[in-house]
Amino acid sequence: MFSSFSALSVRGRGAGRLVASTVVSGLVAVGVLAAAGPASAAPATTDAATQTQGGATATIGGLKTYGDAVIHDATGDLTVSAGLFEMSVEGGGTLQTYCVDLHNPTQRDAKYHETPWSGTSLGANKDAGRIRWILQNSYPQVNDLAALAARAGVAGGLTEQDAAAGTQVAIWRYSDGADVDAVDPQAEKLADHLEKSARNLAEPAASLTLDPPAVSGRPGGLLGPVTVHTNAAAVTVAPPADAATSGVRILDKAGRAVTTAVNGSRLFFDVPEDAAAGSADLTVQASTTVPVGRAFASEGRSQTQILAGSSESTVSATASATWAEQGAIPALSAEKNCAEGGLDITAANEGDEEFGFTLLGAEYTIAAGESRTVTIPLQEDRSYDFAIGLPGGAEQRFSGVLDCRTQGSAGGASTQTLSEPSPATMSDTTSDVNLAETGSSGATPVIGGVAIGLVLIGGAALILVRNRQTRD
């Protein structure tokens, strides 16, 4: 049963002061990976939005059910409201989430995407699996409050507010390492029970993804496969928007045109032999419940969430294909890598010539038929916005915010998480990577050209390059 909501708020002593996350040494500008070798026709600039992993996209709402808790640190005690957030899913559906990023503010109407743990602070948290256990064994997944109280040894019973507060407190102890107690004795007893009982569980699978998210090759053949991974009974398959004029079709492994698919289906782009160099997207969509324990990261600087409950919700994923008759034919995709503090950019070259690029003053070459991943180190809590040069002069953009760490209070200032999420003004004014805008301004600059400089704040940045097997 899909239970009623609760959510999180924070009330501090005195003025509500907001503090930004600590900035570590890292990039303040990122370069363009420029194509090497003879240029061939290529698609126009591709937006980074096509590089998300897929799943549910939702907008955060306000508090519904919550109780009080107290955070203890060197600066004193901070009274907070602890409970469940509500999110509205694009296309239909509602989510319940707890916070796993206590000391970052919540932005009003922030948009969130279902995200692997590796793209959040949970990826480097050895206790992330215990948080999933708490979610599966407490409110709202266990909505029989009498049974929950009995398990926790709470003689006086539990209200929804107690259950939400106790669950959030137990989660904070593992997600943020917080010294935090629930104010209500019943909620505190539940929190202690959950903390002591928690066991490590594996990360849940995504509600819907396409793997790989980008493929490439020559026209006149099948490009792919792109494999569907989902917990939905079936997904609808939408062909490229210009399929009627381009002639590009989506086929299954038997060569049949498809409009639906299931978990494990292998999809292919069928590109006409006389097609000019270009690109196309396919989109799959389904209605399903998002698995409990999936992380949700924001497009900006809004605290990371973890799923506690889901109604039937709309989920989607997109994959792209790029083709050319000759030359380098790269397929590019990106994924946040919190273990390395950066962004993994994978370049797979299915052309007949090498694809080269320069990054941080070093040159890299992707041979024909090879796939390689470059990890770009980025500043924590700083926007990045850069482009990768493709053969023929086109670019593919990547933008976002790296939010991989949870931080405690600094310098005696307390962080405030608002009961009704609203834009928060950060006290730290360090420049973002390429100063990409995340606020009301619609102007987000794109860095172009063969290459641009990189400026490092203290220390040397480490570029990790590792070969990956060529995709099947």
Side-chain angles (χ1 to χ4, degrees), residues 48-58 87 89 95 97-101 104 110-133 135-136 171 174-175 200-214 226-232 235 263-264 284 286 288-300 302-308 310 313 315-319 332-346 373-378 380-381 384 398-406 464 466 468 471:
T50 60
Q51 301 301 320
T52 56
Q53 289 87 7
T57 297
M87 289 191 184
V89 179
L95 307 178
T97 62
Y98 286 106
C99 161
V100 288
D101 196 6
N104 280 329
K111 183 175 289 188
Y112 282 76
H113 299 283
E114 185 179 342
T115 304
W117 285 1
S118 61
T120 72
S121 60
L122 297 172
N125 186 341
K126 64 181 178 59
D127 292 319
R130 298 181 189 274
I131 297 172
R132 186 187 178 196
W133 187 97
L135 293 167
Q136 290 186 333
I171 289 171
Y174 283 122
S175 67
N200 259 315
L201 300 180
E203 177 181 3
S207 61
L208 176 61
T209 59
L210 292 174
D211 181 38
V226 173
T227 304
V228 177
H229 299 285
T230 183
N231 66 343
V235 301
N263 183 50
V284 296
T288 187
T289 55
V290 182
V292 170
R294 288 297 290 170
F296 278 79
S298 73
E299 294 180 351
S302 191
Q303 60 182 204
T304 305
Q305 305 283 309
I306 192 166
L307 189 74
S310 169
S313 298
V315 296
S316 63
T318 300
L332 304 175
S333 60
E335 186 173 2
K336 292 178 184 177
N337 181 346
C338 283
E340 300 294 346
L343 184 73
D344 281 352
I345 296 180
T346 298
T373 295
V374 178
T375 301
I376 302 177
L378 296 170
E380 176 73 9
D381 282 337
Y384 57 87
F398 296 92
S399 62
V401 174
L402 194 71
D403 184 9
C404 290
R405 301 180 182 180
T406 60
L464 303 173
R466 60 184 182 276
R468 288 184 177 174
R471 300 193 184 276

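Side-chain contact between V401 and E299: absent, with no pair of heavy atoms (C-beta onward) separated by less than 4.5 Å. Contact annotation: the side chain of E340 never approaches that of P377 to less than 4.5 Å [non-hydrogen atoms, C-beta and beyond]. Residues S207 and P291 have side chains in contact (heavy-atom distance under 4.5 Å, counting atoms from C-beta outward). Counting heavy atoms from C-beta on, the side chains of L135 and L307 never come closer than 4.5 Å. A 4.5 Å side-chain heavy-atom check between I376 and I345 finds at least one atom pair inside the cut-off. The side-chain heavy atoms of Q305 and C99, taken from C-beta on, include a pair separated by under 4.5 Å. Side-chain atoms of V284 and L210, non-hydrogen and from C-beta on, do get closer than 4.5 Å to each other. Under the 4.5 Å side-chain criterion, counting only non-hydrogen atoms from C-beta, T97 is in contact with M87.
Applying the side-chain hydrogen bond (donor to acceptor under 3.5 Å, both in side chains) rule to T288 yields the partners N231; only residues at least two apart in sequence or on another chain are considered. For T57, the side chain to side chain contact (heavy atoms under 4.5 Å, CB included) criterion is met by E90, K111, H113, not counting sequence neighbours. Take T227 and apply the side chain to side chain contact (heavy atoms under 4.5 Å, CB included) test, not counting sequence neighbours, and it matches H229, R266. Residues forming a salt bridge (Lys or Arg N to Asp or Glu O under 4.0 Å) with R294 (at least two apart in sequence, or on another chain): E114, E203. Scored by the side chain to side chain contact (heavy atoms under 4.5 Å, CB included) test, N200 finds R130 as partners (sequence neighbours excluded). Partners of S302 under the side-chain hydrogen bond (donor to acceptor under 3.5 Å, both in side chains) rule, at least two apart in sequence or in another chain, are Y112.
Listed here is the closest heavy atom pair of S298 and G300: OG-O, 2.7 Å. In this structure, F398 and S333 approach most closely via the heavy-atom pair CE2-C, 4.2 Å. L95 and F296 get closest at one heavy-atom pair: CD1-CZ, 3.5 Å. Between A295 and W117, the closest heavy-atom pair is CB-CD1, 3.9 Å. Taking both residues in full, the closest heavy atoms of A319 and V226 are given as CB-CG1, 3.9 Å, listed atom of the first, atom of the second, then distance.
Note that the CD1 atom of I171 and the OH atom of Y98 stand 6.0 Å from one another [nearest 0.5 Å]. Taking CD from E335 and OG1 from T115, the interatomic distance works out to 9.5 Å, rounded to the nearest 0.5 Å. Rounding to the nearest 0.5 Å places OH of Y384 at 4.5 Å from NZ of K336.
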>> One pair to check against side-chain contact (heavy atoms from CB on, under 4.5 Å): N104 and D381. What are the steps and the verdict?
In response: CA-CA 10 Å; N104 280 329; D381 282 337; 3.9 Å; yes
>> Set out, in order, the CA-CA distance, both residues' side-chain angles and the distance that settles side-chain hydrogen bond (donor to acceptor under 3.5 Å, both in side chains) for T346 and T373, then state yes or no.
In response: CA-CA 4 Å; T346 298; T373 295; 2.8 Å; yes
>> For T375 and L343: C-alpha separation, side-chain torsions, deciding distance, then whether side-chain contact (heavy atoms from CB on, under 4.5 Å) applies.
In response: CA-CA 5 Å; T375 301; L343 184 73; over 6 Å; no
> Do S118 and N337 pass the side-chain hydrogen bond (donor to acceptor under 3.5 Å, both in side chains) test, and can you show the C-alpha distance, the side-chain angles, and the key distance before you say yes or no?
Replying inline: CA-CA 6 Å; S118 61; N337 181 346; over 6 Å; no
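Checked against T406 for a side chain to side chain contact (heavy atoms under 4.5 Å, CB included), the options N125, L122, D101 give a single hit: D101.
Within the 3.5 Å criterion, the main-chain N or O of L208 finds no donor-acceptor partner in the side chain of T230.
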